[in-house]
Amino acid sequence: MKKFILGTALALVMSTAAHAETVGVSMAKFDDNFLTVLRNGMTDYAKTLSGVTLQVEDAQNDVSKQQSQIQNFIASKVDAIIVNPVDTDATTAMSKLAADAGIPLVYVNRQPVNVDTLPDKQAFVASNEQESGTLETKEICRILGGKGKAVVIMGELSNQAARMRTQDVHDVVKTDECKGLEIVEEQTANWDRTQGADLMTNWLSSGIEFDAVISNNDEMAIGAIQALKAAGKDMTKVVVGGVDATQDALAAMQAGDLDVTVFQDAAGQGKGSLDAALKLAKGEKIEKKVYIPFQLVTPENVKDFVTKN
């Protein structure tokens, strides 16, 4: 009887060990509100899974550091790798490193430049950026009645999301409904609240007139709002939009300062990327692109999103 119990226990331990998986995660940077929600979504989900261990690293917005982290994951023989790229134009080399090592790789949130040619056992989990800037700009256009002057605050130009969201703005402005909108300024603030505030201060000092602020993300939009309020501007006369629906953005909307944002399910992307990585590690086939839908957020439905990001 004892032999049977010991044998069963040993088999159970061996089975658990066989299914234990370590996933290396390289985040572009920890110091980012949206990416923190994404990272927490991933780690919280991992805690609910038996035998799954995450090794999470901060690339500190440094491409070389991120590549070194991937090399270290490979040397450590992790079962899969998840990358939130610092520079989406640098992903081809990262894909090659993982493919040569035979380790599954999942990109999350930021679309890799090689998304259409990803090697086997690699995938991309995010939201479709053709939706984000489009939803934001169409709503701003609607509020303005299809005409007015707008300034555009762009994210990091090395990120596909910033380029795509900005292109979305231009595509909407070309439509019959919104061709009365004129973009009078367009500059980057690198996804950063402080840089968004500084950029807006410079525009105001230069005497630039506008009716709307179309920002690639909420952080820069909040920075712009801070600068507008510091300059004594009447926020009821300026339409401000962003993307992500972070908790700070939703608070700004409830305060009457932010008019438009677009919910991007950060925690859902974190969970989805880990699911994808684990499936690939087990040899399962998955879609190369896994998209989680965006949703428009306005003062009318903001309460529905307050606990989501």
Query raised in the report: Does Lys179 reach the side chain of Val173, with side-chain heavy atoms less than 4.5 Å apart?
Result: no
Query raised in the report: Side-chain contact, heavy-atom cut-off 4.5 Å: Lys289 with Val115?
Result: yes
Report task. Can you tell me which residue pairs pass the disulfide bond (SG atoms under 2.5 Å apart) test with a partner in residues 49-150, sequence neighbours excluded? Result -> Cys141-Cys178
Query raised in the report: Honestly curious: do Leu144 and Met253 fall in one hydrophobic cluster under the side-chain, below-4.5 Å linking rule?
Result: no
Query - Residues Asp244 and Thr246: side-chain donor-acceptor under 3.5 angstrom - result: no
Requested in this report: Run the salt-bridge test on Asp89 and Arg163 with the 4.0 Å N-O cut-off and return the result as yes or no.
Outcome: yes
Requested in this report: Begin with the C-alpha distance, continue with both residues' side-chain angles, and end with the deciding distance and a verdict on salt bridge (charged side-chain N to carboxylate O under 4.0 Å, His left out) for Asp275 and Lys279.
Outcome: CA-CA 6 Å; Asp275 267 337; Lys279 286 178 180 178; 5.8 Å; no
Query raised in the report: Would a 4.5 Å heavy-atom cut-off, applied to side chains only, mark Val106 and Ser273 as touching?
Result: yes
Query raised in the report: For the residue pair Ala212 and Ile140, what are the closest heavy atoms and their distance?
Result: CB-CG2, 3.8 Å
Report task. List the steps, then state whether salt bridge (charged side-chain N to carboxylate O under 4.0 Å, His left out) holds for Asp257 with Lys229. Result -> CA-CA 9 Å; Asp257 295 329; Lys229 294 177 79 170; 2.9 Å; yes
Requested in this report: For Asn40, look at atom CG and say whether over 12 heavy atoms of other residues, nucleotides or ligands are found less than 6.0 Å away.
Outcome: yes
Query - Inter- and intrachain pairs under side chain to side chain donor-acceptor pair (under 3.5 Å), touching residues 92-108, at least two apart - result: Ser95-Tyr107, Ser95-Asn114, Ser95-Gln122, Lys96-Asp100
Query raised in the report: Do Gln67 and Ser64 meet the criterion of a side-chain donor-acceptor pair at a distance under 3.5 Å?
Result: no
Query raised in the report: Are Tyr291 and Phe294 grouped together when hydrophobic residues (ILVMFWY) are joined by side-chain heavy atoms under 4.5 angstrom apart?
Result: no
Query - Side-chain donor-acceptor contact under 3.5 Å, Asn109 with Gln264 - result: yes
Query - pair Glu156-Thr188: side-chain heavy atoms closer than 4.5 Å - result: no
Requested in this report: Assess the side chains of Gln66 and Ser26: does a donor N or O sit below 3.5 Å from an acceptor N or O?
Outcome: yes
Query raised in the report: Any side-chain heavy-atom pair from Leu250 and Val297 closer than 4.5 angstrom?
Result: yes
Query raised in the report: Do you reckon Leu135 sits in the same ILVMFWY cluster as Phe305, going by side-chain contacts under 4.5 Å, direct or chained?
Result: no
Requested in this report: Could you note down all residue pairs passing side chain to side chain donor-acceptor pair (under 3.5 Å) where residues 211-227 supplies at least one of them, sequence neighbours left out?
Outcome: Asn33-Glu219, Thr166-Asn216, Arg193-Glu219, Asp218-Thr261
Query raised in the report: Between the main-chain N or O of Leu118 and the side-chain N or O of Lys288, is there a donor-acceptor pair closer than 3.5 Å?
Result: yes
Query raised in the report: Same hydrophobic cluster for Trp191 and Leu258, using side-chain heavy-atom links shorter than 4.5 Å among ILVMFWY?
Result: yes
Report summary line: Heavy-atom nearest pair, Leu105 first then Leu280, reads O-CD1, 4.3 Å
